[in-house]
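Report on the structure given below.
Counting starts at 1 for both ligands and their atoms, following the listed order. Position 1 is the first residue of the sequence, and the numbers go up from there.
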Amino acid sequence: MSPRPLTLGTAGHIDHGKTALIRALTGVDTDRLPEERARGISIELGYAQLELPSGRRLSLIDVPGHERFVRTMVAGATGIDLYLMTIAADDGVMPQTREHAVVLRALGIETGVVAVTKTDLADPELALLEASELLPEADAVAVSARTGAGLDQLREALERAAARIHSRAEASGPARLHVDRVFTIRGAGTVVTGTLWSGEIGRGDELLILPHGRRARVRGVQVHDQPVDRAAAGQRVAVNLVGVARGEVARGDVLAAADTEIRPAYLVDAELEFVGREPEHGDRVQVHHGTRETPARLAWLGGPYWQLRLEQPLVPLEGDRLVIRQIAPPDTVGGGRVLDAHPRKHGPSTAVLTRLQRLSAGDVVEPADERLREARVSRLAAGARRPEPRPLGPSVLALERRLRDAGVEPPLDAELDQGDLAALRDAGRAVRVSQNLHYHRDVLATVEQRIVELASGNGGQVTLAQLRDELKTSRKFAQALLEHFDSERLLLRRGDVHVLRGGRER
Ligand SMILES: Nc1nc2c(ncn2[C@@H]2O[C@H](COP(=O)(O)OP(=O)(O)OP(=O)(O)O)[C@@H](O)[C@H]2O)c(=O)[nH]1
Ligand SMILES: [Mg+2]
């Protein structure tokens with residue numbers, strides 16, 4: 001059997017020679033954009049392929065080192081198996097050398113090589129010493145992209161590192177790909193690229209684009225510009241999608257097998273580790289998962305356990321890695337692992353702590369209320385079976401964004417064009433909740449999930465005041481939402497309370 005496909009990602013401070021080194025190793029200049037060439041810095045992720053002495057091939061992702069592009073670095077590093085950290089001999093360890101090391105650790109990427117670069121300009125000794133302190137597990141090799149010195153030793157060190165990597169356990173799961181690039185090819189349509197985290201993707205497959213849930217069919221798959229029948233976990237793939245316009249999919253979206261339970265989450269319970277000061281309960285941070293990111297509040301649950309209350313949905317599964325960044329001044333402060341991808345909203349308690357400790361230890365823990373969970377899953381699956389929406393024009397797409405961004409307080413219909421709203425309704429993106437109120441369907445799906453969670457922690461029922469507080473909205477909107485879900489038969493009104501109906505009756 002041929003060795004599993006591996007992806008190598010660069011890391012390191014700005015100007016420390018990442019791109020020059022990739023070019024020296026592969027002949028490929030990953031700085032393709034005119035702006036990158038004009039400014040002499042990397043801005044976007046770059047891609048190449050490296051053949052090792054044994055003939056084994058690695059996919060390469062070259063990341064930018066500029067402090068303003070750490071989020072791009074995280075998006076690139078999220079799918080890699082091993083790192084190539086560069087430290088310039090004439091500069092030594094600098095802020096983004098450290099920050100990238102924190103990101104790699106948060107992502108659980110423990111195998112890699114350090115290249116001390118620019119050895120034609122300065123003695124590498126001090127930088128080699130710093131490297132062994134920062135990343136003691138990695139071999140460090142002194143190189144020069146300019147003279148070619150050390151490149152053979154670097155290739156050998158990469159070969160040894162690649163040989164140490166165990167296959168990813170999650171590779172057998174459902175198809176999952178975090179989109180890092182989207183482009184169009186004339187005559188073929190929309191193409192997205194990313195590393196296939198798990199499963200397989202092949203021609204003719206039906207996929208969901210999450211979090212919005214649009215369906216797409218795969219017209220073709222390429223791995224490194226070569227068409228393949230099916231791409232396997234670990235490979236960097238380009239997927240040509242049918243029925244999806246360029247503007248309808250973006251970096252941060254997740255392609256997932258259509259028949260799985262993977263779905264967006266606004267709450268995540270995680271085990272986190274921080275490099276410096278521990279954050280405080282209630283701190284607002286930036287959470288990165290795959291190529292997605294969102295601000296979130298941290299709620300402390302005891303020990304290393306935290307609930308992340310997300311402002312935008314992530315698409316996580318248990319065991320996935322998270323990177324936590326401080327918002328101001330921006331810095332990577334830690335990261336960790338998802339323990340429960342769809343928990344209830346809760347604070348610390350002995351029961352919660354026990355459950356999280358068991359999840360952390362790898363015990364299988366049943367969801368708190370299996371019946372409610374099933375009801376939720378079947379509802380979401382029913383939602384996903386909606387008919388294929390028809391393409392929308394740019395003004396309607398802008399309106400759709402407005403409606404989605406408005407969250408639970410959507411603009412009143414008087415401000416919106418009625419024809420456009422009708423188009424959004426026809427396409428299944430907007431839902432009329434009351435005479436004068438439309439909601440984006442993603443927002444409604446989220447509200448629905450939060451109602452189910454609220455009810456499941458509250459004896460199976462919710463009141464107007466509880467929903468208003470949960471959504472931090474006005475009575476008016478909470479009232480309209482409850483009535484909508486009464487009529488949708490998610491809830492049954494009994495006096496002042498709305499009772500969650502069972503999965504079977506609906
Ligand atoms: N003399 C010498 N110059 C080098 C070497 N490697 C890179 N450089 C120069 O250092 C500058 C920065 O190199 P890049 O490869 O663009 O650095 P980078 O780490 O990719 O920078 P960002 O992507 O912006 O973070 C360029 O002018 C390179 O020509 C080297 O080994 N020797
Ligand atoms: Mg670069």
Select one of side chain, backbone, both or neither to describe which atoms of [X] lie under 4.0 Å from any atom of ligand 1, heavy atoms only.
| X | answer |
| --- | --- |
| Leu121 | side chain |
| Thr117 | neither |
| Lys18 | both |

For the pair Ser360 (side chain) and Leu356 (backbone), establish whether a donor and an acceptor sit closer than 3.5 Å, ignoring hydrogens and angles.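 A pair under 3.5 Å: no.
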Under a 3.5 Å distance rule, please check whether Lys345 uses its side chain to pair with a backbone N or O of Leu267 as donor and acceptor.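 Looks like no, no N/O pair under 3.5 Å.
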Please report how many protein N/O/S atoms lie under 2.8 Å from the Mg ion (ligand 2).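 Under the 2.8 Å cut-off, the count stands at 2.
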For Asp29, which residues count as a salt bridge (Lys or Arg N to Asp or Glu O under 4.0 Å) partner, sequence neighbours excluded?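 Testing Asp29 for salt bridge (Lys or Arg N to Asp or Glu O under 4.0 Å), a comparison that skips the adjacent residues, returns Arg23, Arg37.
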For a 4.5 angstrom cut-off between non-hydrogen side-chain atoms, does Leu107 reach Tyr83?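 No, every pair of side-chain atoms sits at 4.5 Å or beyond.
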Check whether any heavy atom of Gly12 sits under 4.0 Å from an atom of ligand 1.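 No, Gly12 has no heavy atoms under 4.0 Å from ligand 1.
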Near-ring test His100/His13, centroid separation under 6.0 angstrom: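 Between His13 and His100, the centre distance exceeds or equals 6.0 Å.
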For ligand 1, which atoms have a heavy atom of Ile14 less than 4.0 angstrom away?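 Listed by number with element: 24 (O), 25 (O).
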Mark up the atoms of ligand 1 that fall under 4.0 Å of a heavy atom belonging to Ile41, in ascending order.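 Counting atoms of ligand 1 from 1, those under 4.0 Å from Ile41 are 24 (O).
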Identify the residue among Asp283, Leu272, Thr332, Val275 that makes a side-chain contact (heavy atoms from CB on, under 4.5 Å) with Ile324.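 Exactly one candidate clears the test, Leu272.
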Looking at Arg71, I'd like to know if its CZ atom is crowded, meaning that more than 12 non-hydrogen atoms belonging to other residues, nucleotides or ligands lie closer than 6.0 Å.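 No, not enclosed.
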Counting only nitrogen or oxygen atoms and a 3.5 angstrom limit, does Asp62 reach ligand 1?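 By distance alone, the answer is no.
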